[in-house]
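For reference, the structure is listed below as structure tokens.
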Protein chains: 2
Amino acid sequence: MLSAKMEDYLKAIYRLEREGEPPVATSTIAETLEVTPPTATSMVEKLEDRDLVEREKYKGVTLTPEGETVALEVIRHHRLLETFLTEELGYDWSEVHEEAEILEHHISEEFERRVAAALDEPAVDPHGDPIPNDELEPIDDHSASALADHGEGARLEVARVRDRDSEELTYLDDAGITPGTKLVVEEVAPIGMVTVRLDGGETVSLPDHIADAIQVRTPEDAVADGVSEV
Amino acid sequence: MLSAKMEDYLKAIYRLEREGEPPVATSTIAETLEVTPPTATSMVEKLEDRDLVEREKYKGVTLTPEGETVALEVIRHHRLLETFLTEELGYDWSEVHEEAEILEHHISEEFERRVAAALDEPAVDPHGDPIPNDELEPIDDHSASALADHGEGARLEVARVRDRDSEELTYLDDAGITPGTKLVVEEVAPIGMVTVRLDGGETVSLPDHIADAIQVRTPEDAVADGVSEV
DNA sequence: AGAGAGAATTAGACGAGTCTAATGCAAAAG
DNA sequence: CTTTTGCATTAGACTCGTCTAATTCTCTCT
Ligand SMILES: [Mn+2]
Ligand SMILES: [Mn+2]
Ligand SMILES: [Mn+2]
Ligand SMILES: [Mn+2]
């Protein structure tokens, strides 16, 4: 059996592998999980003993297929829970993350199945992130780009908004920026800010670190990917 | 912050206080939680340090008011979860206990409130056990008696069926014995078995240890207590 | 009152997960 | 090709929850 902690490490490594170039450095894991580097070292050693990661000393780690499956399992739990809390219990979009971060480690497979059924086997969570399927097949995280990477005039649709500070999420939600929102880049200011115009005509200005967290795709991509049911 | 383990100890002490005469002996706690006596000793010492139990060395422990409040809090979580899993996720009556036993320690107060609201602030769980209210006021556990304590001819209503082995629960459920079932004691056999006749006319025979787990009340009591909405 | 039985506690250990302080390695800079 | 610098790892410690073995207490029985 894996502990909740081990699951969190695996999930973090999964995410970090996709954000940068594998292998994932110990210090990066430590930072993500808010522990000291020696703590991360001793944890990745345990993970290695269980063949959940491959490790090159002084370099970093990569998930093995088994490790990736565990990560996908936890991510499936997390995203199903976020969806459930939002859709069935009326949680605000910004409140669900913390709750899911804990419960993901404690629900049974039975609970997972029943929640998935109750939600009609959803493909994406309320942030717009894809939910791994029952078989835990690899998911495509990459059919979207950061809002920050587009120039003035770009016509885009919000694919998802990354998990972060809940005040930020609430702010964006209130401003009308949620998965599915269509917008046009109005101005890319040289001071590290981008202004977008929403469908309804309102404009919203966002500092770069926020624009980085907003994943978008062009309407054509959306059609090609068949993810329009968001 | 209290650990899941501490919560389980407090819940166990709460239950044992009502089953026998306080103070609750260390060995009883150890048995209930399936740990060795020294483990229970060291845990109750910690609980004492935090003023959650009062302890007389070599005698046993009693919950302090704070300890009782924690126990009621955990019991509220447990019973709300059992109700929720049964009513909203379609769990079978016999499957919910294990899941609730874990989740009770990990849901937030927000989750508790929202589940209670979704269920319309239920007063009893699917076993027929009372759910402590939001204020965690003491609950009356004792307005029912064991089926085993009644003689032939007694006309009774099942108040609740105690948490136990899930095969037993399934068996009783299939036999038609659930909270609210009306029955008459048909025969009390000298070999440690009691036979009851249900409303529909079917008879069911039960060994004493099962008849002990079934709490009943006379129809008059039911009216007096106003608990008929089970 | 004294002895013995039975229960509770103390002693000492261990794994998990974490920390701080000390040390070691490797890649970049000279 | 050597030095520096910055991670990574090792060493050693601590808490939590648990165990086994040894000891001590309490209560009942003679
Ligand atoms: Mn988590
Ligand atoms: Mn699962
Ligand atoms: Mn529990
Ligand atoms: Mn609560």
Side-chain angles (χ1 to χ4, degrees), chain A residues 1-13 16-17 19-63 67 70-71 74 101-102 104-106, chain B residues 1-14 16-17 19-63 67 70-71 74 101-106:
Chain A
M1 238 335 60
L2 297 178
S3 70
K5 286 298 167 182
M6 289 197 259
E7 291 182 352
D8 275 337
Y9 276 86
L10 258 9
K11 202 175 56 152
I13 296 166
L16 294 170
E17 270 185 357
E19 275 177 15
E21 271 311 295
V24 178
T26 309
S27 55
T28 320
I29 299 170
E31 240 173 84
T32 306
L33 266 25
E34 299 184 301
V35 295
T36 59
T39 301
T41 296
S42 84
M43 189 71 239
V44 295
E45 278 168 355
K46 269 176 239 167
L47 261 16
E48 190 188 21
D49 289 346
R50 291 169 180 261
D51 292 316
L52 296 165
V53 302
E54 222 147 281
R55 177 161 173 261
E56 240 192 297
K57 246 181 136 189
Y58 290 99
K59 294 291 186 47
V61 293
T62 332
L63 291 178
V70 173
V74 181
E101 194 59 51
I102 294 174
E104 62 187 1
H105 311 291
H106 303 290
Chain B
M1 236 339 53
L2 296 178
S3 70
K5 286 298 167 182
M6 289 196 259
E7 291 182 351
D8 276 337
Y9 276 86
L10 292 171
K11 204 175 56 153
I13 295 166
Y14 177 91
L16 294 170
E17 270 186 358
E19 275 177 15
E21 271 311 296
V24 178
T26 309
S27 55
T28 320
I29 298 171
E31 241 173 83
T32 306
L33 265 26
E34 299 184 299
V35 296
T36 59
T39 301
T41 297
S42 83
M43 190 70 239
V44 296
E45 279 170 354
K46 269 176 238 166
L47 261 16
E48 189 188 21
D49 288 346
R50 290 168 180 264
D51 292 316
L52 295 165
V53 300
E54 220 146 285
R55 178 162 175 258
E56 239 192 300
K57 244 180 139 190
Y58 290 99
K59 296 289 187 50
V61 293
T62 332
L63 291 178
V70 173
V74 181
E101 194 58 52
I102 294 173
L103 291 180
E104 63 187 0
H105 311 291
H106 301 290

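In the text below, chain A, chain B and the rest are named by the order of the sequence lines, each starting its count at 1. None of the values given here were measured: they were computed from a predicted structure.
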Round to a whole Å and report the spacing from [atom1] of [X] to [atom2] of [N].
X: L47(A); N: dA16(C); atom1: CG; atom2: C1'; result: 13 Å
X: E45(A); N: dG15(C); atom1: CD; atom2: C1'; result: 15 Å
X: R50(A); N: dG15(C); atom1: CZ; atom2: C1'; result: 11 Å
X: L2(A); N: dG15(C); atom1: CG; atom2: P; result: 18 Å
X: K46(B); N: dT10(C); atom1: NZ; atom2: C1'; result: 15 Å
X: D8(A); N: dG17(C); atom1: CG; atom2: P; result: 11 Å

Exercise. Hey, does T26(A) reach any base, or is it just sugar-phosphate, or nothing, if we go heavy atoms under 4.0 Å?
Worked result: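 T26(A): backbone/sugar contact only, no base atoms under 4.0 Å.
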
(Q) So A40(A), base contact, sugar-phosphate only, or nothing? Heavy-atom distance under 4.0 Å. (A)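 Touches nothing.
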
task = For DNA chain D, determine which residues of residues 27-34 of chain B have any heavy atom closer than 4.0 angstrom to one of its atoms, and list them numerically.
result =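 Residues of residues 27-34 of chain B under 4.0 Å from DNA chain D: none.
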
N/O donor-acceptor pair under 3.5 Å between [X] side chain and [Y] backbone:
X: E54(B); Y: V61(B); value: no
X: T41(B); Y: P37(B); value: yes
X: E7(A); Y: A71(A); value: no

Protein-proximity profile, nucleotides 22-27 of chain C, B/S/- by nucleotide at the 4.0 Å heavy-atom cutoff, equals ---S-S

Do [X] and [Y] come within less than 4.5 Å of each other through their side chains, counting heavy atoms only?
X: V74(B); Y: L10(B); answer: no
X: R55(A); Y: E45(A); answer: yes
X: T62(A); Y: V53(A); answer: no
X: M43(B); Y: M6(B); answer: yes

More than 12 non-hydrogen atoms from neighbouring residues, nucleotides or ligands closer than 6.0 Å to CD on E48(A), yes or no?
->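 Yes, the 6.0 Å shell around CD holds more than 12 heavy atoms from other groups.
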
In Å, rounded to the nearest 0.5 Å, how long is the span from CD1 of I29(A) to CD1 of I13(A)?
->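 Going from CD1 on I29(A) over to CD1 on I13(A), the span is 4.0 Å.
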
In Å and rounded to the nearest 0.5 Å, what is the CD to OG1 distance from E31(A) to T36(A)?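 Interatomic distance, E31(A) CD to T36(A) OG1, rounded to 0.5 Å: 12.5 Å.
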
task: Check every nucleotide of DNA chain D for an atom under 4.0 Å from a heavy-atom of chain B, then give the first and the last such nucleotide from 5' to 3'.
output: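 Contacts span dC16(D) to dC27(D), reading 5' to 3'.
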
* Short side-chain N/O contact to dG17(C) OP1/OP2 from T39(A), under 4.0 Å ->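 No.
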
**Prompt:** Looking only at side-chain N and O atoms, does S3(A) come under 4.0 Å of OP1 or OP2 in dA16(C)?
**Reply:**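 For dA16(C), OP1/OP2 do not have a side-chain N/O of S3(A) under 4.0 Å.
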
Sidechain N-carboxylate O distance under 4.0 Å for E101(A), K11(A):
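Looking at E101(A) and K11(A), the cut-off is met.
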
